[in-house]
Amino acid sequence: MTEPASDKTLTRIRALLAKAEDQAATPEESELYFAKAAELMARYGVDRAMLAAADPTSDVLGDRVVVVEGSYHLDKTGLLANIAEELGCRAVLRARWIGGVKQHSVHLFGYDSDLERIEILYTSLLVQAINGLAKTPVPYGEHARSFRISWWAGFRSAVVRRLHHAEARAQAEASHQREQAGTTGPSVALVLADRGTAVSARMTEVYPRLRKGPTRQITGSGYGRGYD
């Protein structure tokens, strides 16, 4: 049986991300692999959105909860939320006491194809972050946790920048191709805007009384190293 085109694309993306995660890769190689994966991921997202505009059953609106475990949970939930926002989804950060243990999770809202993109990227980026932190020594005399929290902040900023540029470029290219081909129907911008409105409405339906959390103060000097 022939593998569907969408499955082939995801297979290629996973292979590129696996290379980016490889500890034997240089930072430059990891950046190139991740950049290519982000580019393919963005194109895949636009293609699925436009297909769903013609056939709504091909990509339905849904949600899922991701439990974040281990240390630096605020940094991990922040990374997941950042990825979700860049990929057209919405995220609600939650903290609940279950059996006397505080559980941190992120409730994601979005279309199935976008939720799948988030899961693939987040899983890989966690590995890349853990590997990166392990290779980054804490400067002498600096508090280790403060340094690593600031490292996470820099890492997240770099991820957001890369994904934002990849998504914008994929949308612009798809719009240009449709114009060149004289394709009729709703524009890429309109389709994505409508999807965003639907996702926000679903989140508000589930969480009608959302509020923003407090601003986090970051004091460590690791931001630049994390961004790199």
Check ion pair R225-D228 (N to O, under 4.0 angstrom): no

Lys NZ or Arg CZ of R48 over Y111 ring: under 6.0 Å, within 45°: no

Derivation of the side-chain contact (heavy atoms from CB on, under 4.5 Å) call for I218 and W152: CA-CA 10 Å; I218 296 177; W152 272 103; over 6 Å; no

Taking every non-hydrogen atom, the tightest pair across G88 and V199: O-CG2, 4.0 Å

Shared hydrophobic cluster, L115 / I120 (ILVMFWY, side-chain heavy atoms < 4.5 Å): yes

Within 6.0 Å of NE2 in H107, more than 12 heavy atoms from elsewhere: yes

Salt bridge flag under 4.0 Å for residues E39 and R162: no

Residue pair S187, R178: steps toward the side-chain contact (heavy atoms from CB on, under 4.5 Å) verdict: CA-CA 8 Å; S187 67; R178 287 172 64 84; 5.7 Å; no

D112 side chain to L61 backbone, donor-acceptor under 3.5 Å: no

Residues D63 and R90 bridged, charged N to O under 4.0 Å: no

V65 side chain near R94 side chain, heavy-atom distance below 4.5 Å: yes

Cation-pi check, R145 onto Y72 ring (under 6.0 Å, within 45° of axis): yes

Over all atoms of both residues, closest heavy-atom pair of S58 and D55: OG-O, 2.8 Å

Point-to-point distance, once rounded to the nearest 0.5 Å, from CD of E86 to CZ of R117: 10.5 Å

N82 side, atom CG; L121 side, atom CG - distance, nearest 0.5 Å: 12.5 Å

Ring centre gap for W151 and F147 strictly below 6.0 Å: no

Sidechain N-carboxylate O distance under 4.0 Å for R64, E119: yes

Mutual orientation of the aromatic rings belonging to F109 and Y207 [parallel < 30°, tilted 30-60°, perpendicular > 60°]: perpendicular

NZ/NE/NH1/NH2 to OD/OE distance under 4.0 Å, R195 and D59: yes

Atom pair CZ/OG of R96 and S105 - distance to nearest 0.5 Å: 6.0 Å

Test log, rule side-chain contact (heavy atoms from CB on, under 4.5 Å), inputs T219 and S150: CA-CA 7 Å; T219 59; S150 62; over 6 Å; no

Reported CE-to-CG distance for the pair M203 and L108, which is rounded to 0.5 angstrom: 11.5 Å

CZ (R216) with more than 12 external heavy atoms under 6.0 Å: yes

Common cluster, I118/L192, ILVMFWY with side-chain heavy-atom separation under 4.5 Å: no

Minimum heavy-atom distance A166-A42, with the two atoms named: O-CB, 3.3 Å

Same apolar cluster (I L V M F W Y, side chains within < 4.5 Å links), V68/L93: yes

4.5 Å side-chain heavy-atom contact, E21 and F34: no

Hydrophobic cluster membership, I130 vs L79, 4.5 Å side-chain cutoff: no

Distance-minimising heavy-atom pair for E69 and K76: O-NZ, 3.1 Å

Test side-chain contact (heavy atoms from CB on, under 4.5 Å) applied to H104 and V67, step by step: CA-CA 6 Å; H104 296 270; V67 176; over 6 Å; no

Spacing of CG belonging to L40 relative to OG1 belonging to T11, to within rounding of 0.5 Å: 11.5 Å

Heavy-atom check, side chain of R14 versus side chain of L10, under 4.5 Å: yes

Gap between atom CD of E29 and atom CD of E31 - 0.5 Å precision: 12.0 Å

Test log, rule side chain to side chain donor-acceptor pair (under 3.5 Å), inputs S30 and Q128: CA-CA 9 Å; S30 293; Q128 294 182 52; 5.7 Å; no

Same cluster (ILVMFWY, side-chain, under 4.5 Å), L163 and L17: yes

Side chain proximity check, K102 to H73, heavy atoms < 4.5 angstrom: no

Heavy-atom pair with the smallest gap, counting every atom of V138 and A144: CG1-CA, 3.9 Å

Closest heavy-atom pair and its distance - V106, A91: CG1-CB, 3.7 Å

